[in-house]
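Worksheet: the structure to be examined is printed underneath.
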Amino acid sequence: MSSTTPSTLPPENPAVTAEAAPGYRPGRTLPLRVEALRQWKRRRTLVMGGILVALPFVLIAAFAIGGTGDGDRDGRVSLIDTATTSGANFAATCLFVSAGFLLVVPVALFCGDTVASEASWSSLRYLLAAPVPRSRLLASKLAVALGYSAAAMLLLPLVALAAGTVAYGWGPLQLPTGGSVPAGDALLRIGIATAFVFASQLVTAGLAFWLSTRTDAPLGAVGGAVGLTIVGNVLDAVTALGDWRDFLPAHWQFAWIDALQPQLEWGGMVKGTAISLTYALVLFALAFRGFARKDIVS
């Protein structure tokens, strides 16, 4: 690091880093527990957790005031119409109303704020001068960000299941298409649905993380990821695109509904997961590649 100036850290030289000090181990720098604790203490983590915990109780109050409805004009019953039949139905309803946008926000926040916030605080260059290898820094931050994102995905249905069970009782999952799923199997179905929702949000995570390595403004990275996700939803609504929509992650975001059918269907969820994972891996690779060559001035 002898070529480092007070204002700029040049692209990392692995040979120089490896010989920085006797006994230096790049893999021991910035442990995951340290990064996880740092992110846990952030106010935005606690605020987002509070919002996700509060949502089920807001819906319970809304259903108590206005009811759930009796189906649409054609007499068809939706998932929301069955929300108060059991705790499992209420958990599935919370997942349904939040998967399209609300659950996008914590993923964009945790993944988009992680690197850009360090740059905005002018602490990023000091982390790298510690020395923490750039790849190690990104890997630690990405792992923790994805961990918190997964926790957010789990927190909402778990709180909803507990609150719904207290409010509406424990029972089978009543399916809008008719029939029901036993309570024990319903937990597995909701778990599968939650796992797919997380997988479908990996594109947003990739966008946010890549933008976080390109800008010093956390709001720009978070807002950019949310905005591009919305653009994807708009494009999916353009039916003139035809089969091209199959390559949009947004096209598969509600494929988890197949888990709430009398017979579990995997086709849509497998395709959606493959599309999301492909986009995410490309975006993560771009983030690591770009950050390795970037002059750090913040």
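- Under the 4.5 Å side-chain criterion, counting only non-hydrogen atoms from C-beta, Val105 is in contact with Phe101.
- With hydrogens and angles disregarded, no donor-acceptor distance shorter than 3.5 Å links the side chain of Ser212 to the backbone of Ala208.
- For CH2 of Trp266, the number of neighbouring non-hydrogen atoms (other residues, nucleotides, ligands) closer than 6.0 Å is 12 at most.
- Formation of a donor-acceptor pair under 3.5 Å by the Arg245 side chain with backbone atoms of Asp236 is found in this model.
- One N or O on the side chain of Arg189 and one on the backbone of Gln261 form a donor-acceptor pair closer than 3.5 Å.
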Test side chain to side chain contact (heavy atoms under 4.5 Å, CB included) on Leu55 and Ile51; report intermediate values, then the result.
CA-CA 6 Å; Leu55 177 64; Ile51 292 173; 5.8 Å; no

Please report the C-alpha distance between Val159 and Leu52 in whole Å, then the side-chain angles of each, then the deciding distance to 0.1 Å, and finally whether the side chain to side chain contact (heavy atoms under 4.5 Å, CB included) criterion is met.
CA-CA 8 Å; Val159 173; Leu52 294 175; over 6 Å; no

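- Clustering ILVMFWY residues whenever any of their side-chain heavy atoms sit less than 4.5 angstrom apart, transitively, puts Trp170 in a cluster other than the one holding Ile60.
- When side chains are defined from C-beta on, Tyr168 does not count as touching Asn89, because their heavy atoms never get closer than 4.5 Å.
- Transitive grouping of hydrophobic side chains (ILVMFWY, heavy atoms separated by less than 4.5 Å) brings Val53 and Leu59 into a common cluster.
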Carefully, step by step, assess Phe288 and Leu142 under the rule side chain to side chain contact (heavy atoms under 4.5 Å, CB included).
CA-CA 10 Å; Phe288 276 81; Leu142 178 58; 4.1 Å; yes

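- At distances below 3.5 Å, not a single donor-acceptor pair connects side-chain atoms of Thr194 with backbone N or O atoms of Leu154.
- At a threshold of 4.5 Å between non-hydrogen side-chain atoms, the residues Val144 and Arg38 do not count as touching.
- Summarising the geometry of Ile275 relative to Leu248, their closest heavy-atom pair is CG2-C, 4.3 Å, with the distance given to 0.1 Å.
- By the 30° and 60° cut-offs, the orientation of the rings of Phe90 relative to Phe63 is perpendicular.
- Of all the heavy atoms in Thr45 and Phe110, the pair that sits closest is OG1-CE2, 3.8 Å.
- Thr204 and Thr229 are linked by a side-chain donor-acceptor pair at a separation below 3.5 angstrom, with hydrogens and angles left out of the test.
- Pro172 places none of its side-chain heavy atoms less than 4.5 Å from the side chain of Pro182.
- Nearest heavy-atom pair, Ala250 versus Asn233, reported as atom, atom and distance to 0.1 Å: CB-OD1, 3.1 Å.
- The distance from atom CG of Leu260 to atom CD1 of Ile190, rounded to the nearest 0.5 Å, is 7.0 Å.
- Here the side chain of Thr278 pairs a donor or acceptor atom with the backbone of Ala274 at under 3.5 angstrom.
- Side-chain contact between Val181 and Gln174: absent, with no pair of heavy atoms (C-beta onward) separated by less than 4.5 Å.
- In terms of hydrophobic clustering, with Ile, Leu, Val, Met, Phe, Trp and Tyr side chains grouped at heavy-atom distances under 4.5 Å, Val97 and Leu158 are assigned to different clusters.
- Side-chain contact between Phe284 and Phe209: present, with at least one pair of heavy atoms (C-beta onward) separated by less than 4.5 Å.
- By the neighbour-count criterion of 12 heavy atoms within 6.0 Å, atom CG of Leu235 is densely surrounded, having more than that number from other residues, nucleotides or ligands.
- Considering only heavy atoms from C-beta on, Leu161 comes within 4.5 Å of Leu187 through its side chain.
- A salt bridge does not link Asp246 to Lys271: none of the charged nitrogens lies less than 4.0 Å from a carboxylate oxygen.
- Closest of all the heavy-atom pairs between Ala99 and Gln201 is O-NE2, 3.4 Å.
- One hydrophobic cluster holds both Val107 and Leu281 under the rule that ILVMFWY side chains link at heavy-atom gaps under 4.5 Å.
- Residue Trp210 comes nearest to Arg214 through the heavy atom pair O-CG, 3.1 Å, listed as atom of the first residue, atom of the second, then distance.
- Neither side chain, Ser120 nor Asp216, offers a donor N or O lying under 3.5 Å from an acceptor on the other.
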Output, in order, the C-alpha distance, side-chain angles, deciding distance and verdict of side chain to side chain contact (heavy atoms under 4.5 Å, CB included) for Arg33 and Leu37.
CA-CA 6 Å; Arg33 65 179 182 277; Leu37 184 60; over 6 Å; no

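- Side-chain contact of Glu35 with Ser140: a donor-acceptor pair under 3.5 Å is absent, judged by distance alone.
- In plain terms, the two heavy atoms of Pro218 and Asp113 that are nearest each other are CB-OD1, 3.2 Å.
- Judged purely by atom type and a 3.5 angstrom limit, Thr114 has no side-chain atom pairing as donor or acceptor with the backbone of Cys111.
- Taking CD1 of Ile257 as the start and CD of Glu265 as the end, the distance is 13.5 Å to the nearest 0.5 Å.
- Panel note: side chain Tyr148, backbone Trp40; a donor-acceptor pair is recorded below 3.5 Å.
- With contacts defined as side-chain heavy-atom distances shorter than 4.5 Å, the pair Lys141/Arg136 does not qualify.
- With Thr273 contributing its side chain and Val270 its backbone, the two residues share no donor-acceptor pair below 3.5 Å.
- In this structure, CG in Leu202 is found 10.5 Å from CG in Leu283, a value given to the nearest 0.5 Å.
- Looking at Arg44 and Gln39, their side chains do bring a donor and an acceptor atom within 3.5 Å of each other.
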